[in-house]
Protein chains: 2
Amino acid sequence: MNQDYIKPSEWSLIEEGFEPGRVKSSESLFSIGNGAMGQRANFEEQYSGPTFQGSYIAGVYYPDKTRVGWWKNGYPEYFAKVLNAPNWIGIDVEINGEALDLQQCTSVKDYRRELNMKEGWYQRSFKATLKNGAEVSVTATRFLSIDIDEVGAIKFEVTPLNGEAEIKFTPYVDGGITNEDSNWDDKFWDVSETGTQGDYAYVRSKTMKTGFDVCTGMRAALLLDGKLTEATPAASKTDFKAQLSYTVKVAANSTAALVKMAGYVTSMNHKSEDLRKASEAVIGKAVEIGFDELKNMQAKSWAAIWEMADITIEGDVKAQQGIRFNIFQLNQTYLGKDARLNIGPKGFTGEKYGGSTYWDTEAYCLPFYMATKDAQVARNLLKYRYNHLEKAIENAEKLGFTNGAALYPMVTMNGEECHNEWEITFEEIHRNGAIAFAIFNYVRFTGDYSYVPEMGLEVLIGIARFWHQRANYSAQKDKYVILGVTGPNEYENNINNNWYTNYIAKWCIDYTNKQIEKVKAEYGADYTRIMEKAKLTEAEVAEWMKVADNMYFPYSDEHGVYLQQDGFLDKEMIKVADLDPKQRPINQHWSWDRILRSPYIKQADTLQGFYFFEEDFSREELEKHFDFYEPFTVHESSLSPCVHSIQAAVLNRMDQAYTFYLRTSRLDLDDYNKEVHEGLHITSMAGTWMSIVEGFGGMRVKNDMLSLEPRIPEQWKGYSFKVNFRDTILKVEVKQDETVVKVEKGAAMTLNVNGKVLEVSSEKAVTA
Amino acid sequence: MNQDYIKPSEWSLIEEGFEPGRVKSSESLFSIGNGAMGQRANFEEQYSGPTFQGSYIAGVYYPDKTRVGWWKNGYPEYFAKVLNAPNWIGIDVEINGEALDLQQCTSVKDYRRELNMKEGWYQRSFKATLKNGAEVSVTATRFLSIDIDEVGAIKFEVTPLNGEAEIKFTPYVDGGITNEDSNWDDKFWDVSETGTQGDYAYVRSKTMKTGFDVCTGMRAALLLDGKLTEATPAASKTDFKAQLSYTVKVAANSTAALVKMAGYVTSMNHKSEDLRKASEAVIGKAVEIGFDELKNMQAKSWAAIWEMADITIEGDVKAQQGIRFNIFQLNQTYLGKDARLNIGPKGFTGEKYGGSTYWDTEAYCLPFYMATKDAQVARNLLKYRYNHLEKAIENAEKLGFTNGAALYPMVTMNGEECHNEWEITFEEIHRNGAIAFAIFNYVRFTGDYSYVPEMGLEVLIGIARFWHQRANYSAQKDKYVILGVTGPNEYENNINNNWYTNYIAKWCIDYTNKQIEKVKAEYGADYTRIMEKAKLTEAEVAEWMKVADNMYFPYSDEHGVYLQQDGFLDKEMIKVADLDPKQRPINQHWSWDRILRSPYIKQADTLQGFYFFEEDFSREELEKHFDFYEPFTVHESSLSPCVHSIQAAVLNRMDQAYTFYLRTSRLDLDDYNKEVHEGLHITSMAGTWMSIVEGFGGMRVKNDMLSLEPRIPEQWKGYSFKVNFRDTILKVEVKQDETVVKVEKGAAMTLNVNGKVLEVSSEKAVTA
């Protein structure tokens with residue numbers, strides 16, 4: 001459903017009114033996370049209506065079977081799945097013996113959800129009348145602590161409205177969960193133990209095959225009108241569930257509250273044998289701090305994140321809400337503390353895409369984390385790939401490449417390929433380019449070259465070797481060609497000479513060659529070590545360069561543009577605007593063969609190249625290509641509109657840039673792709689950030705210097721963003737008539753604003 | 001394994017010596033069938049070594065789940081599986097209390113298998129020493145009756161060699177079977193009832209989902225030195241199995257024989273409630289006839305088949321054995337009695353390809369059945385597709401086609417598509433052309449035009465409509481193009497302008513147009529009925545013709561050949577001969593992406609077009625194309641060498657033609673593709689027949705007249721074949737120095753031999 005029920009608000013998502021048809025969508029939109037775990041906005045209490053249950057633990061996955069009818073050589077052994085983890089939020093609630101279940105109530109009023117992005121908490125409140133006539137007011141507040149990232153806190157408050165009521169709270173932890181996407185109702189967890197001790201209850205479970213060991217623990221307490229009671233819970237357990245029960249009589253308009261501290265400790269961070277102790281310890285710490293104080297700490301931690309990452313927009317609440325929602329979700333998903341983790345396309349909000357790492361990280365997410373966090377966070381993202389280099393070489397070997405050529409997987413959890421469509425896995429090889437480009441981009445932005453001799457150059461060599469082997473000489477063209485690829489536009493498969501792929505392949509070889517020279521000149525010891533380790537000779541590099549220097553690029557003289565691929569112009573060139581709107585999105589209406597032979601572009605492809613390599617082309621060339629490709633782009637990937645927004649801004653087409661901006665920033669809020677119930681598009685949210693900072697703000701790094709060329713949509717009074725450029729925190733404020741750049745923290749620096757080189761320091765702002 | 005253990009023999013397959021590693025291969029090679037059921041050469045007695053159990057019932061299938069990770073619009077709901085059916089052959093044998101099991105015996109001597117193709121039976125014999133010291137000689141003979149095609153007969157003889165022995169035979173029927181290819185150890189059969197009554201035992205079972213109801217029944221008898229005993233069996237049963245036991249003391253060198261008559265009756269041919277009665281009746285009939293007499297009848301029935309279908313080769317036993325094996329298997333698989341049945345690529349010899357119907361039937365099998373059977377058999381094969389026309393229209397609609405366009409499925413059991421690789425199902429659309437071509441071919445050969453107005457024209461209209469919609473106008477080329485297809489060479493996917501596909505598409509429209517005109521002129525009532533039913537107007541046909549008249553064909557001026565597809569010459573054009581032999585077959589050594597971007601051709605593609613449409617091209621053109629494409633052809637499809645053999649013969653390259661002939665005729669016997677254990681390549685066996693009759697014999701129909709242009713490999717003294725041409729049975733005998741054509745039965749006729757028009761009759765043979 002394409003929806004717009006989320007109320008505009010600068011700092012919050014707000015939903016009003018209970019509509020069962022929206023529940024799954026809201027479960028995605030109101031998701032919470034703290035980088036280590038995540039939780040869809042499922043109800044704590046029982047709910048018999050349609051729901052999509054999801055609790056996720058960062059890094060925990062399952063290698064599901066990938067058997068398909070027709071196996072092809074090189075197919076991976078498994079498809080990684082992000083796993084729904086044991087339920088830690090559950091609190092069954094009974095009022096006078098009847099279960100509270102919104103699907104069963106005779107009336108639900110004043111239903112309201114709020115996701116408070118400023119302070120990082122989620123609250124749901126409503127008034128309900130049960131079948132037994134009891135009327136209650138309910139407020140449930142919860143958050144996943146940033147400060148103690150193994151703990152979530154819930155306060156569930158019930159106020160009887162029409163007379164005294166007996167209220168029974170049964171908080172529980174439950175290992176008997178499944179995945180929505182399990183193929184044959186498979187179970188992925190073995191529950192080994194459940195138990196209770198006083199007000200503590202726990203479930204020990206382990207993922208099958210991968211053996212991630214998890215203790216899901218909780219403690220609960222009962223409050224009456226805000227005061228802690230001495231209530232002793234009744235405990236019980238089954239093979240997979242442990243629960244406590246608190247029963248209390250509550251006078252009309254008095255409030256009973258169940259406070260639950262719960263969460264996961266895992267064998268990724270603790271010894272298996274210490275898990276239960278670790279669980280008790282961390283939950284004990286949270287209980288000691290208390291719900292209210294932990295919530296105050298949460299607000300402070302989020303304030304610190306916002307202090308660095310916030311973007312303000314004046315005069316356009318929906319745009320403001322959109323960008324904050326994107327920044328909030330990115331920070332909920334990945335905080336950069338742990339180099340083993342990465343950013344799944346759906347973060348912690350759904351199962352789709354298996355929660356695994358895609359090229360999204362390098363192509364879309366890196367700039368956001370570079371500019372809004374310490375450089376170490378971005379470096380951790382690069383290091384993730386360095387740690388997987390050996391597996392990338394193995395992956396290339398499986399496909400027949402030799403001599404240390406590396407092909408990074410399209411989808412991965414641990415460095416192994418874990419996707420099994422040949423047209424993606426075997427052919428969407430441009431991902432290798434994005435991983436090399438990210439190294440360049442990191443060095444360009446942070447100025448930290450040390451990464452290249454320490455780790456990056458080895459990655460680059462593996463990638464350059466791959467491209468050298470993957471291209472072949474065409475006698476017909478007297479050029480090197482790259483056949484049989486899928487470009488960023490996945491609505492084409494097995495095409496020849498995808499311009500983007502050919503271009504980035506050539507770029508990778510050129511860039512690697514230059515880094516070898518630079519490391520040789522400036523880091524002699526590293527050079528020797530790397531050359532020996534990689535068994536690389538100058539003669540081999542010379543062979544690579546033949547490919548780079550003689551790469552073929554399809555071009556149309558008639559249109560004056562590079563062609564997305566060979567034969568692109570043979571298609572029936574009907575523009576998107578001339579399609580029957582009922583046929584869209586085409587991926588929900590057309591068969592795959594029809595999509596493949598159509599000219600429609602799922603996401604920026606040739607234009608992605610113009611985005612990465614902007615400096616290689618004139619503005620006129622950009623304009624020509626934009627005008628040629630944009631009319632055929634259907635933007636059915638979440639990663640598409642941001643690139644078009646940035647390029648429209650560069651071309652001063654501010655209306656178009658603004659339209660694309662809204663589409664990218666409110667993709668999930670307004671559910672453009674009619675699938676928000678499956679989860680949020682996390683990685684594309686970094687694209688939203690780019691479309692403001694790089695699109696409207698015109699931020700680039702040119703000649704080792706930060707450069708701005710701010711523009712502003714006419715719909716806005718002003719906007720501002722901050723950037724951490726080499727440890728100087730800059731604030732850029734753009735109004736309709738002027739731009740002010742301030743140093744908020746750190747050393748003075750020189751930057752280029754609208755073509756003028758200026759000095760800015762904490763004492764001296766710059767106005768342009 | 002590539003093997004040559006089958007002894008050369010003109011009329012039999014013979015294996016000598018017991019090697020467990022060969023068991024699965026021999027189980028395929030020694031398979032028996034009677035058109036209604038089939039049986040791999042599994043042992044009757046217990047066997048604990050590696051084996052691939054397979055009993056198959058024609059037309060019985062299961063719609064298996066096709067869930068894959070990433071669904072695409074238009075994917076079929078299921079993947080049809082041929083099902084391993086209840087075991088009817090099983091006879092457990094105990095000698096002095098020890099189970100006879102060749103894997104457990106201390107010695108196995110004189111092991112021999114024979115598949116007697118002349119008389120249609122299979123026999124296995126050996127001498128074995130058991131662990132308990134007993135030595136026995138065993139001979140097991142079985143066949144599937146052609147005359148009573150619901151029955152198989154087995155005689156299992158045991159002779160103690162070193163002293164009296166107590167022998168216990170336990171014949172059984174067993175519904176507790178599975179498929180080798182079941183994904184998750186799924187069961188596909190529900191067994192509802194088992195039972196015994198006197199010497200009759202049965203299992204009632206039903207396929208899940210499809211509900212094919214089957215009664216598997218048996219009767220047994222014990223013979224001592226050839227005389228029927230009065231032994232009363234001990235009966236027992238489990239939930240899925242029913243068995244009888246006969247125990248007898250046998251003196252040294254006396255022989256105990258267990259005769260078992262068993263088989264299937266199914267709800268395809270009987271009412272469900274009558275199945276048990278039908279089973280008893282048909283098995284009773286076989287028992288009444290008796291094993292020996294039924295075997296005599298079998299020999300007579302096969303003699304009648306050979307009378308029409310045999311090809312003799314003098315002076316080359318391996319070639320002779322090869323062709324007879326091919327003809328034998330084709331007749332075991334399909335006898336043309338039932339228009340609901342068709343010819344699965346593996347017949348009744350394995351599970352691969354799901355036992356379903358492919359374009360193989362029209363492209364390869366039809367000529368064999370036309371020439372060696374009554375025309376009704378070929379007509380039944382065409383009618384099969386006519387009966388599926390509505391489903392083909394539905395299939396096209398699922399992919400977005402309209403207005404009665406028909407796309408026949410790539411793989412089907414009941415007219416629905418049941419394969420789920422998009423690159424095959426959605427794109428290998430040339431199959432539609434083969435189905436149209438078969439109509440042309442049938443009329444050309446049989447002279448029976450009535451099929452066109454009665455049924456064929458409706459099929460042609462659906463197919464022409466499909467091609468008209470599937471092509472699109474390329475402004476760039478000012479021609480119609482067909483984008484995104486897979487041609488017959490499945491080592492290319494999603495290519496543009498596959499010459500073969502474009503050519504057959506144009507041909508289909510042209511041919512349909514001509515048939516509309518002919519039916520209008522000669523079958524007015526049919527014309528009106530068809531045009532009304534199809535809602536076809538002359539204006540629509542004119543639109544089709546625009547496509548046919550302006551089709552694009554990729555061509556290389558440099559090489560003077562049509563290109564297999566756009567961009568073919570960009571590949572690295574290394575000839576097959578220059579590949580490392582260790583890399584072959586490439587489909588077992590290379591990843592799919594590497595195969596796709598290579599120039600290697602799995603099976604005749606452009607050359608397939610030159611085969612179908614030979615008369616459209618000069619011999620020089622054929623030669624150029626053969627010389628261009630043959631060096632890149634790896635023949636990794638069983639359907640490939642026959643076409644190349646025919647064309648080499650046309651070009652008078654008899655050595656090459658002979659090499660291809662051996663490869664096609666002994667593909668399974670010599671296991672060229674290292675996969676015979678999975679089953680035989682049934683449909684390609686018709687290609688072997690073609691390579692003699694059309695290749696060496698040069699048989700064509702030209703200008704409504706049979707035409708011969710015989711050639712003979714120098715390795716042969718002579719060869720002969722028979723052809724039923726419009727009810728005249730011709731025998732063609734080719735020697736090194738002369739060709740003799742005789743009429744064996746039927747009217748005199750005029751034919752063209754080596755360019756001369758001659759009269760031949762039963763009185764007057766022709767010698768050329």
Pairwise side-chain contact, A/Gln469 with A/Asn403, heavy-atom cut-off 4.5 Å (strictly under): yes
Counting only heavy atoms closer than 4.5 Å, note whether [X] contacts chain A via side chain, backbone, both or neither.
| X | value |
| --- | --- |
| B/Leu569 | both |
| B/Glu572 | both |
| B/Asn497 | side chain |

Check: [X]/[Y] side-chain N/O donor and acceptor closer than 3.5 Å:
| X | Y | answer |
| --- | --- | --- |
| A/Tyr629 | A/Asp605 | no |
| A/Glu636 | A/Tyr600 | no |
| B/Glu417 | B/His419 | no |

Residues of residues 475-484 of chain B with a heavy atom under 4.5 Å from any heavy atom of chain A, in residue-number order, are B/Gln476, B/Lys477, B/Val481, B/Leu483
Q.
If we ignore hydrogens and angles and just use 3.5 Å, is the side chain of A/Asn502 paired with the main-chain N or O of A/Ala471 as donor and acceptor?
A. no
Residues passing the salt bridge (Lys or Arg N to Asp or Glu O under 4.0 Å) test with B/Arg597, sequence neighbours excluded, are B/Asp593
Taken in chain and number order and not counting sequence neighbours, the residues that satisfy salt bridge (Lys or Arg N to Asp or Glu O under 4.0 Å) with A/Glu428 are none
Contact list (residues 550-568 of chain A to chain B, heavy-atom gap under 4.5 Å, by number) returns A/Glu558, A/Asp566
Self-check item: NZ/NE/NH1/NH2 to OD/OE distance under 4.0 Å, A/Lys546 and A/Glu543
Solution: yes
Hey, can you tell me if A/Phe188 and A/Tyr62 have their rings parallel, tilted or perpendicular (30° and 60° cut-offs)? tilted
Classify the angle between the aromatic ring planes of A/Trp592 and B/Trp422 as parallel (below 30°), tilted (30 to 60°) or perpendicular (above 60°).
perpendicular
